[in-house]
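Notes follow the structure.
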2 protein chains.
Amino acid sequence: MLTIKKVYGLQVPIPAHPPRPSEEAALPRLGYLLKHAALHYAELTSAELAPLGITPQEWAALNCLDDQPDRSQKEVADLLGIDRTTMVALIDRLQTQAWVERRPHPADRRKNTVTLTPPGRAILHSGATIIDNCEHQFLAALGAPAAHQLKQALRTLITANQSR
Amino acid sequence: MLTIKKVYGLQVPIPAHPPRPSEEAALPRLGYLLKHAALHYAELTSAELAPLGITPQEWAALNCLDDQPDRSQKEVADLLGIDRTTMVALIDRLQTQAWVERRPHPADRRKNTVTLTPPGRAILHSGATIIDNCEHQFLAALGAPAAHQLKQALRTLITANQSR
DNA sequence: TATTGTTATACTCTATAACTATA
DNA sequence: TATAGTTATAGAGTATAACAATA
């Protein structure tokens, strides 16, 4: 049984004998497919990043800080889709590892800027290699064109269903 | 901000200006795509089923019981990917609504069989219509062939990454 | 010995409410 | 008045441990 927790309810029973990819009929429902693909992939990345002592979410936070430095906590929270109250503890953990620093925002003293440290940047880059590997490994069962189409289709769906 | 909780950490920052589907470069990472597609879809189904007083997970449990009646609690738990201890409360809720009945298993007195009642079957079928609608609506931004390819690709990935 | 259902308990991830400082 | 960071708290969804009944 999968050990990743707290992902939303299944939409469909798991067939006792999962249909082979070549079969046309009886595709499981979309909710089952999306949830389980996300679940398996989260497990993979979580396990692969574990030796670095970082979770996928923490790595994602570092990644936000890399592509545009000195974001506020609130900005990072919005990018990750979590509340600013939840962000506090996340940044606390990153700061404990000395991967980021909090500094008062020069122009707005309500804000903290969050900045990558050199060790933070190192972890980010090690993590990026691992994440890239995970993606390649996970998508290996599809050909490269199908993998690309999958990603494009997912992006289309996310954009089209944004408001929900 | 999405209200569905407890789905695993993001893999990637959300671009401030999400790329248009026509752009080739800078597709978000797989983890972000899978998580957010699953998240948006779970929100949709959850909202659409709410008037029936049933969650996607509860509906999925009823659905398991429909395609093969008189399963044990443990069997349903395994199909849903949750622990048998978690199943107890789920079945409790379904039983409170009089959608299922627990009966001692005739051949193995350690087990309960869980059986759909007529009202349970009615809710299951109303829910199925809603779920089918959700799927159609959610996939509307893709053409029918692309939607089918997406589902097939997801099934392939789940099968290929089963062990994780 | 192993399995099923059950209860008690605890963990993880997240949000809401309320506070302080600042805008 | 509104916003950023913070703290305390609560809730949802889940699992682990331990027990009784049964295999």
Side-chain angles (χ1 to χ4, degrees), chain A residues 1-11 35-36 38-39 42-43 46 50 54-61 70-96 100-115, chain B residues 1-11 35-36 38-39 42-43 46 50 54-61 70-96 100-115:
Chain A
M1 188 169 302
L2 295 176
T3 56
I4 296 273
K5 305 159 191 180
K6 294 154 210 169
V7 174
Y8 225 69
L10 292 181
Q11 310 297 323
K35 175 186 166 177
H36 279 253
L39 204 57
E43 252 215 344
S46 193
I54 194 170
T55 66
Q57 192 181 44
E58 288 164 356
W59 181 83
D70 298 337
R71 295 190 194 264
S72 72
Q73 294 186 197
K74 177 64 159 50
E75 284 171 335
V76 179
D78 288 345
L79 291 168
L80 263 57
I82 63 178
D83 197 82
R84 73 189 201 281
T85 62
T86 307
M87 199 67 210
V88 175
L90 206 172
I91 300 285
D92 284 349
R93 290 194 298 275
L94 298 177
Q95 199 174 27
T96 300
V100 302
E101 285 174 2
R102 281 176 166 106
R103 297 208 199 90
H105 193 287
D108 184 341
R109 294 195 311 188
R110 294 172 302 183
K111 298 183 180 176
N112 291 334
T113 61
V114 186
T115 314
Chain B
M1 188 168 304
L2 295 175
T3 56
I4 296 272
K5 304 161 192 179
K6 293 157 211 168
V7 174
Y8 226 67
L10 293 180
Q11 310 299 324
K35 175 185 166 176
H36 279 254
L39 204 56
E43 253 215 345
S46 192
I54 194 169
T55 66
Q57 191 182 44
E58 288 164 356
W59 182 82
D70 298 337
R71 296 189 194 265
S72 73
Q73 296 186 195
K74 176 64 159 50
E75 284 170 337
V76 179
D78 289 345
L79 291 168
L80 263 56
I82 62 177
D83 197 82
R84 73 190 201 279
T85 61
T86 306
M87 199 67 212
V88 174
L90 207 173
I91 300 284
D92 284 349
R93 290 193 297 277
L94 298 178
Q95 198 174 27
T96 301
V100 302
E101 285 175 3
R102 282 178 167 105
R103 298 207 198 90
H105 193 287
D108 184 340
R109 294 195 311 188
R110 293 172 302 183
K111 298 183 181 177
N112 290 334
T113 61
V114 186
T115 314

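Below, chain A is the first sequence line, B the second, and so on; all start at residue 1.
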Measure the distance from [atom1] on [X] to [atom2] on [N] and round it to the nearest whole Å.
{"X": "I91(A)", "N": "dA4(D)", "atom1": "CD1", "atom2": "C1'", "answer": "13 Å"}
{"X": "K35(B)", "N": "dT14(C)", "atom1": "NZ", "atom2": "C1'", "answer": "10 Å"}
{"X": "R109(B)", "N": "dA2(C)", "atom1": "CZ", "atom2": "P", "answer": "22 Å"}
{"X": "L90(A)", "N": "dG5(D)", "atom1": "CG", "atom2": "P", "answer": "13 Å"}
{"X": "K111(A)", "N": "dA4(D)", "atom1": "NZ", "atom2": "P", "answer": "6 Å"}
{"X": "D92(B)", "N": "dT7(C)", "atom1": "CG", "atom2": "C1'", "answer": "11 Å"}
{"X": "H105(A)", "N": "dA21(C)", "atom1": "NE2", "atom2": "C1'", "answer": "16 Å"}
{"X": "D83(A)", "N": "dT7(D)", "atom1": "CG", "atom2": "P", "answer": "15 Å"}

Which atom of [X] lies closest to which atom of [Y], heavy atoms considered:
{"X": "A61(A)", "Y": "L90(A)", "value": "CB-CD2, 4.1 Å"}
{"X": "K111(B)", "Y": "S72(B)", "value": "CD-CB, 4.1 Å"}
{"X": "A38(B)", "Y": "A38(A)", "value": "CB-CB, 4.4 Å"}
{"X": "P106(A)", "Y": "T113(A)", "value": "CD-CG2, 4.3 Å"}

Check the phosphate of [N] against [X], side-chain N and O only, distance under 4.0 Å to OP1 or OP2. Yes or no?
{"X": "S72(A)", "N": "dA4(D)", "answer": "no"}
{"X": "Q57(B)", "N": "dA12(D)", "answer": "no"}
{"X": "Q73(A)", "N": "dT6(D)", "answer": "yes"}
{"X": "R102(A)", "N": "dT6(D)", "answer": "yes"}

So, R102(B) and D92(B), do they make that salt bridge, N to O below 4.0 Å?
yes
Donor-acceptor pair under 3.5 Å, T85(B) side chain vs dT16(D) base
yes
Would the base of dG5(C) count as contacting R110(B) through its side chain, where contact means a donor and an acceptor less than 3.5 Å apart?
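No, the side chain and the base share no sub-3.5 Å donor-acceptor pair.
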What contact category does R84(B) fall into here, base, sugar-phosphate, or nothing, at under 4.0 angstrom with non-hydrogen atoms?
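Since a base atom lies under 4.0 Å of R84(B), the category is base.
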